[in-house]
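Chain letters run A, B, ... following the sequence lines, proteins first and then strands; every chain starts at 1. Treat the numbers as computed from the prediction; the structure is a model and nothing was measured.
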Amino acid sequence: MWRFIGIRLLQAVPVILAVITVTFFLVRMAPGGPFDSEKAVMPEVKAALEAQYRLDLPLPQQYLAYLGDLTKGDLGPSFKYPGRDVNELISAGLPVTAELGIYALLVALFLGGISGVVASLKPNTAQDYIPMSLAMIGICMPAFLFGPLLVLVFGIYLEWLPVAGWGDIPGDKILPSITLGTAYAAYIARLGRAGMLEVMSQDYIRTARAKGLPEWQVVTRHALRGGMIPVVAFLGPAFAGLLTGSFVVETIFQVPGLGRFFVQAAFNRDYTMILGSTVFLSTLIVLFNLLSDILAAWMNPRLRAQFGGR
Amino acid sequence: MALLEVKNLQVSFHTRNGEVKAVDDVSFTVESGKITAIIGESGSGKSVACYSLLGLIPRPPGKVEGGQALFEGEDLLQMSERQLQQIRGRDIAMIFQDPMTCLNPYMTIGDQLIEPIVFHKRISKKEARQRAVELLEEVGLRDPGSTIDSYPHEFSGGMRQRVMIAMALINEPKLLIADEPTTALDVTIQAQILKLIAQLQTKRDIGVIFISHDLAVVADIADDIIVMKTGKVVEHNDRQGIFHNAQHPYTKKLLSAIPGGTKTINPELHQPLITVSNLNTWFDQGKHQEPVKAVNNVSLEIRKGEILGLVGESGSGKSTIGRSILRLVPITSGTVNFDGTDVTSLEGGDLKNMRRRMQMIFQDPYASLNPRMSVYDTLAEPLLLHGIETKASVEQGVLKLMDHVGLARNFVRKYPHEFSGGQRQRIAIGRALSTRPEFIVADEPVSALDVTIQAQILDLMLDLGKEYGLTMLFVSHDLAVVKHIADRIVVLYKGEIVEQGTGRDLFDNPQQEYTRQLLHSIPGQALLA
């Protein structure tokens, strides 16, 4: 078990290093720099700034210096927010984004799980087609359309829920969570349906029926666990995707999360902020993938035995 | 009153290609305290008939069109799903063919065992567990007090089937339906399970329906035998009547398809084509574990023109030997000499050339043919690859091969899923023959086939062997089949050779205990002798 985790973590190191390297040189290749602006800055001032942020060094040396800082856990100072460093900015935005991500994941699991299971029980009937068509719409509809649509209906026409904000008015967390979660609900519904269909055709389901169990017990006791394994394996990448992909929703609903910083950083050529967010998020993605793999393996007794415990 | 009386049962499946009558006007009775066997080949409706009684066929497409099934006087076919649930697992219990897939891999066997009794009898989990432990002991599981908390994958196939039997019996049902319960098991395990079922049935004096494709399997245990073909009952009699006084031609055909007789060997076959010396094929299991010695220091000789039978149970290494000779698995040490060349050291073009001379036929004709290649593609590929035919002549070559293996020429553009199992195995044999090999490894080539088809394929292989002057290594778990087709037989146990000799020597005068045990396990010997 620990060996497996250790190997996976070691494998992640070159991946993250490659992400850092590619990002580092790509942002430098983009035209413009952090201190270019409409207003002409005096050359002396610009030179002083560049020296302060080590921009006067040759590129390879900057790269090595950055890696050096990174080993100490230091993501460097922000170029656009003087006096604050990237670690600070990320830790300010992360709790909000994480909270949004968790709510969205719960929405996705609840909506997607139920509709996937319901659809799988009567394949190729209305009970299957309706939730699956809705899921397809959910996948196709981008958040920048779905979000404002929800705002229009629940915020403006019905006046049930606040249209923006985060933690200011009761209920303002509902619409962003639903908007973000819906696309993932659709994926989970499709994965859950496929998983359940696979399991429901297994011989041991027939055994369960032959015992005289009513159908709902056959589903909940015998089919659900195996059928949900693909969904669990998807949760890791999904949660990472929720964290990295939340910026559209954060922008629509004025949520002070990570996503906004990330997008602004790219516009501002805030090199350390771009790099910092990328490194941080890619590490998260690797970790969550690992977590969901472990969880999925844990749910399967046969794999669990291979990890050395029962 | 009979325990179960089925009258004029009709079940059909409504498919895209129209209505298929799976069970057509079937009537039979099952008495308490007797084992009633239903025999038929795949598609005969034997399983559908029994499953439909309990509402276990998929509906749609399946539909019970008519008839009655009186269980203790009440018609099962008229019952609601709720009433049927009360019967299932309590009064009528089932065991199935493949114990590998019929137990839920995500639940401990204990949880699965107590489920029916907790559900039907509303007793506490603790009491149920106590009952389960007792039953596991009765069906012969060692140390049931602790193994009850194990998962299915921790058991062997035979043990899982015992668990299935315990699960079916936990509510002391009046009728047990066993659907091919020993088909997936080794012959020695099969003998044990058959004995167990008969014992438990006698002790409890319950009725048993034993569904099987193989008459020989039920020869020792069945009281009554029903023979089904294409949805109809063709003959119904007691055991003596079926085996000694069969009336219907199909029953006679089934009886004659049971492989019997010993091949008379040709004494002129003594020049070795293949000599295997001290072959070891071990599979690593990671650093800290002993390697699996699948083949352990095996030496044998395959003579030019002979069929050498390789017999053993699963895990005996019989398939691995065949694959090692063909270099399909990496061998650990030893040599394989083929007609003067050491196969183990061949590389690149020499190996390809050798592969042309040695071919393989696999067990499962469903899995070993590419579903996206037509018969033409499958057969033309090796002909072109090895330069046996040119682009201009390949069509003629393919058609000729089809003639040889008994496939109609107009099937040439069809895909594997359009053929039956036997036809697919003919395609696979055609593919193996296409490179004009001198040597063929046939790995359980008939064990996935119905008995009458099995007999046809065995005859085909014998004929082609003679016609092409083939040398064959025939790998099988089925002693009767091997005895029928092989000149000499090698018996394997756990990767090592136990005994070898001609079929007659081995069967009439086995030298080793293990061989005797194997021979003793062949079902139906008393009746078929």
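Residue Ile229(A) touches chain B through its side chain alone, counting heavy-atom pairs closer than 4.5 Å. For Tyr106(B), the parts lying under 4.5 angstrom from a heavy atom of chain A are both the backbone and the side chain. Contacts of Gln86(B) with chain A are absent, with no heavy-atom separation under 4.5 Å from either backbone or side chain. For Leu103(B), the part sitting under 4.5 Å from any heavy atom of chain A is the backbone (N, CA, C, O) and nothing else. Looking at Gln217(A), only its side chain comes within 4.5 Å of chain B, counting heavy atoms on both sides.
Between Lys122(A) and Asp128(A) there is no salt bridge, since no side-chain nitrogen of the basic residue lies less than 4.0 Å from a carboxylate oxygen of the acidic one. Salt-bridge formation is not detected for the pair Arg162(B)/Glu138(B): no Lys NZ or Arg NE/NH1/NH2 atom is positioned less than 4.0 Å from an Asp or Glu carboxylate oxygen. The pair Arg221(A)-Glu115(B) counts as a salt bridge, with a side-chain nitrogen and a carboxylate oxygen less than 4.0 angstrom apart. No salt bridge links Arg206(A) with Asp179(B); every basic N to acidic carboxylate O contact stays at or beyond 4.0 Å. A salt bridge between Glu215(A) and Arg209(A) is present, with a side-chain N of the basic residue lying under 4.0 Å from a carboxylate O of the acidic one.
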